[in-house]
Amino acid sequence: MLKLGLALLILPGVVLMTLFWQDLTLMRECMAQGLSFDAYAQTCSETEQSFVPFGQRNPTLVNSVMLLSVLGLACCLYGLYVKAR
């Protein structure tokens, strides 16, 4: 149970951070070219776009990752609390 809990605690966060940094990299590439970043289309655009945070564009993904991490924490605590057989 402890190994499953650790996997659920760590892996979803790593996946979320990877997706966030990919998004940020695209945004910075557009800004370096002097363009605006269209977050929903994931493209550079010459027209001014309003900033939309990653969490606001992907609420289900962010909430699912947080839920899996809490579940992983609960599994870790259970695995530490119950005596190993």
Side-chain angles (χ1 to χ4, degrees):
M1 184 66 82
L2 188 59
K3 290 179 184 180
L4 174 66
L6 285 172
L8 285 175
L9 185 62
I10 295 170
L11 291 179
V14 171
V15 170
L16 183 65
M17 286 190 301
T18 302
L19 294 174
F20 171 78
W21 285 109
Q22 287 177 347
D23 189 61
L24 183 64
T25 301
L26 289 173
M27 188 180 303
R28 286 190 175 194
E29 287 175 0
C30 288
M31 291 176 66
Q33 296 172 7
L35 300 171
S36 183
F37 182 68
D38 184 4
Y40 291 106
Q42 297 285 310
T43 59
C44 297
S45 150
E46 291 187 10
T47 60
E48 187 66 28
Q49 302 290 327
S50 62
F51 176 72
V52 183
F54 182 81
Q56 187 175 350
R57 285 182 278 131
N58 303 301
T60 306
L61 173 67
V62 173
N63 290 335
S64 299
V65 165
M66 293 299 121
L67 187 62
L68 282 174
S69 293
V70 169
L71 181 63
L73 178 64
C75 288
C76 284
L77 291 175
Y78 180 77
L80 289 171
Y81 182 72
V82 174
K83 186 176 180 179
R85 295 179 186 181

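These numbers come from the heavy atoms of this one structure, side chains and all, not from hydrogens, waters or symmetry mates.
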> Does the side chain of Phe54 reach to within under 4.5 Å of the side chain of Leu24, using non-hydrogen atoms?
Replying inline: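 In short, these two side chains do not touch, never coming nearer than 4.5 Å.
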> Is there side-chain contact between Arg57 and Tyr40, with heavy atoms separated by less than 4.5 Å?
Replying inline: yes
Interatomic distance, [X] atom [atom1] to [Y] atom [atom2] [nearest 0.5 angstrom]:
X     : Y     : atom1 : atom2 : answer
Thr43 : Leu35 : OG1   : CG    : 10.0 Å
Tyr81 : Met1  : OH    : CE    : 14.5 Å
Thr18 : Asp23 : OG1   : CG    : 12.5 Å
Asp38 : Leu26 : CG    : CG    : 11.5 Å
Leu80 : Leu2  : CG    : CG    : 5.0 Å
Cys44 : Met27 : SG    : CE    : 10.5 Å

State yes or no: do [X] and [Y] share one hydrophobic cluster built from I, L, V, M, F, W and Y residues joined by side-chain heavy-atom distances below 4.5 Å, directly or via other members?
X     : Y     : answer
Phe20 : Met66 : yes
Leu71 : Leu77 : no
Leu73 : Tyr78 : no
Val52 : Met31 : no
Leu67 : Val62 : no

>> A quick test of your reading: do over 12 heavy atoms of other residues, nucleotides or ligands sit less than 6.0 Å from CD of Gln33?
In response: yes
>> To check you understand the geometry: which heavy-atom pair defines the closest contact between Leu6 and Cys76, and what is its length?
In response: N-SG, 3.4 Å
>> For Ala7 versus Pro12, what's the shortest heavy-atom pair and its separation?
In response: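 Minimum heavy-atom contact is O-CD, 3.5 Å.
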>> Walk me through whether Leu11 and Val15 qualify under side chain to side chain contact (heavy atoms under 4.5 Å, CB included).
In response: CA-CA 6 Å; Leu11 291 179; Val15 170; 5.5 Å; no
